[in-house]
Amino acid sequence: MKLTIIGGGGFRVPQVFEAVAAAGAPVVIDELCLYDTSTSRLGTIRAVIDQLSESTARRPVVSTTNDLDEALAGANFVFSAVRIGGTEGRILDERTALDLGVLGQETVGPGGLAYALRTVPFMERLARRIREVAPEAWVINFTNPAGIVTEAMRSILGDRVVGICDTPIGLMRRAAAAVAPLAGTSDAPLRFDYVGLNHLGWLRSLEVGGVDRLPDLLASDSALADIEEARLMGFDWVRAIGALPNEYLYYYYFTREATERISASEATRGQFLDVQQRAFFDAPGDDPLSSWLRTRHERESSYMAESRPEGEEGERHASDVDAGGYQQVALDLMAALATGRSSTMILNIANAGLVPALPDDAVIEVGCTVDASGVHPWPIADVTGEMAGLMTTVKSAERLVIEATRAAGGRSRELAWRAFAAHPLVDSVGVAKSLVQDYGERFDSIGRLFDGR
């Protein structure tokens, strides 16, 4: 089988290679094709992979190319993980929002909407090319903002594109490990209710052997202490809402605190990664694998540093970073689709009536069973109250921004303004208008979109 990675020069691509080349990998990938527009980045990542392959159980044929059609031809799976605008673009996403006094974050809030404005047009062009060159391929999207991008691509590829994210799976694994001692078993079948949008969701029940053990977990300080999301949000808050939230809900529940801490930091996350990745890609040295491993450790240990107490920004529990990562999610999805061995996952798929308040074609994030016939969402309990309110409000902003990328000139600018104004993390129509103006000036691609060029 051939796996093609769009964004093959990305820093985390060697992790995908590790997953597919590991002993006992549930699906056999014979060819791994890396596509990127940057020849130098492809060369560096290829050097890391070549070193990794010296000690892997399997050695798929690895190729690199700048030719998209060559990369797509014959692909069984296409994995999309691109960053339009690079880390420099992420810095502008964050800083533009912070300069106007609102949250500056990669995928949440105005930064995420700006990221979508310049990413969706490319991803829709990619989807059309996949439809033409590799119509039978399954497309696994990890390009952020993943929910918006997957929804846009679905209009072209339908059910053949599935969005993935490692944060809900990480939450589930931590919750399952924490609840096992409370249930007195780690072998009983699990059933759960998780629902939301990408980077905005809740684990609302966790059944072990047919009994919901989430209330027991929420009542136990020692159990919650092993769950990163509970530590971030506070034990009292997760008990108040009766659910375990996705870690990105920190930015909605603690917007003021997050904005203040990011603003007061010497560098945003984008600036940190820009410096770190420039250092790696510009000078990987004679031992690029060691350099990559060291850089990866620094990256993972500092993730969401603004959410942790002062003095602990770079400290995460081992269980927080050992949850498998997005590469394992992608591998499990490919294995289920290719072999038919059923797998339980949390994925970004079409709503199709699961949440009646949202359109059927809206992409949501829910528990699913995956097998050779495709992705089958689990039924969920009704989504009500503040959870339903937040989902519908954020989804309205996401859909407006997709519309903005497809409209022309002044209409596009107007739709983008409405999208920013609709988002709950933008507290003023005036600020929303300034965001549209500033992003249009700082990004040529967004400016062209707004001006109809």
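The shown structure was predicted, so the numbers you read here are calculated from the model rather than taken from an experiment.
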Tell me if a side-chain donor or acceptor on [X] pairs with a main-chain N or O of [Y] at a distance below 3.5 Å.
X      : Y      : value
Gln276 : Thr295 : yes
Ser412 : Ala408 : no
Ser53  : Asp50  : yes
Ser396 : Thr393 : yes

Pair [X] and [Y], ring centroids less than 6.0 Å apart:
X      : Y      : answer
Trp237 : Tyr253 : yes
Tyr326 : Phe79  : yes
Tyr194 : Trp378 : no

Using the ring of each side chain (for Trp, its six-membered ring), is Tyr250 parallel, tilted or perpendicular to Phe254, with breaks at 30° and 60°?
parallel
Should the ring pair Phe11 and Phe280 be called parallel, tilted or perpendicular, given that the plane angle runs from 0 to 90° and is split at 30 and 60?
perpendicular
Quick check: closest heavy atoms across [X] and [Y], and the distance to 0.1 Å?
X      : Y      : result
Gly85  : Arg118 : CA-NE, 4.2 Å
Ala127 : Met153 : CB-CE, 4.0 Å
Arg160 : Pro135 : NE-O, 4.4 Å

Neighbour count above 12 (heavy atom, 6.0 Å) for [X] [atom1]:
X      : atom1 : result
Arg418 : CZ    : no
His376 : NE2   : yes
Asp159 : CG    : no
Trp138 : CH2   : yes

Do [X] and [Y] pair up side chain to side chain, a donor and an acceptor below 3.5 Å, judged on atom types alone?
X      : Y      : value
Asp93  : Tyr439 : no
Thr143 : Ser80  : yes
Thr87  : Arg269 : no
Asn144 : Thr107 : no
Gln51  : Asp287 : yes
Asn66  : Thr39  : yes
Thr268 : Arg95  : no
Thr150 : Asn141 : yes

Would you call [X]-[Y] a salt bridge at under 4.0 Å N-O?
X      : Y      : value
Glu18  : Arg296 : yes
Arg399 : Asp361 : yes
Arg341 : Asp371 : no
Glu151 : Lys395 : yes
Arg41  : Asp36  : no
Arg83  : Glu106 : yes
Arg294 : Glu298 : no
Arg59  : Glu54  : no

Could you go through Arg90 and Asp274, starting from their C-alpha distance and side-chain angles, then the distance that decides it, and tell me whether this counts as salt bridge (charged side-chain N to carboxylate O under 4.0 Å, His left out)?
CA-CA 9 Å; Arg90 177 171 178 171; Asp274 184 62; over 6 Å; no
pair [X]-[Y]: side-chain heavy atoms closer than 4.5 Å:
X      : Y      : result
Ile45  : Pro14  : yes
Leu197 : Ile364 : yes
Phe77  : Leu337 : yes
Ile346 : Val366 : no

Chi angles and distances behind the salt bridge (charged side-chain N to carboxylate O under 4.0 Å, His left out) call for Arg154, Glu124
CA-CA 9 Å; Arg154 276 190 56 85; Glu124 289 191 330; over 6 Å; no
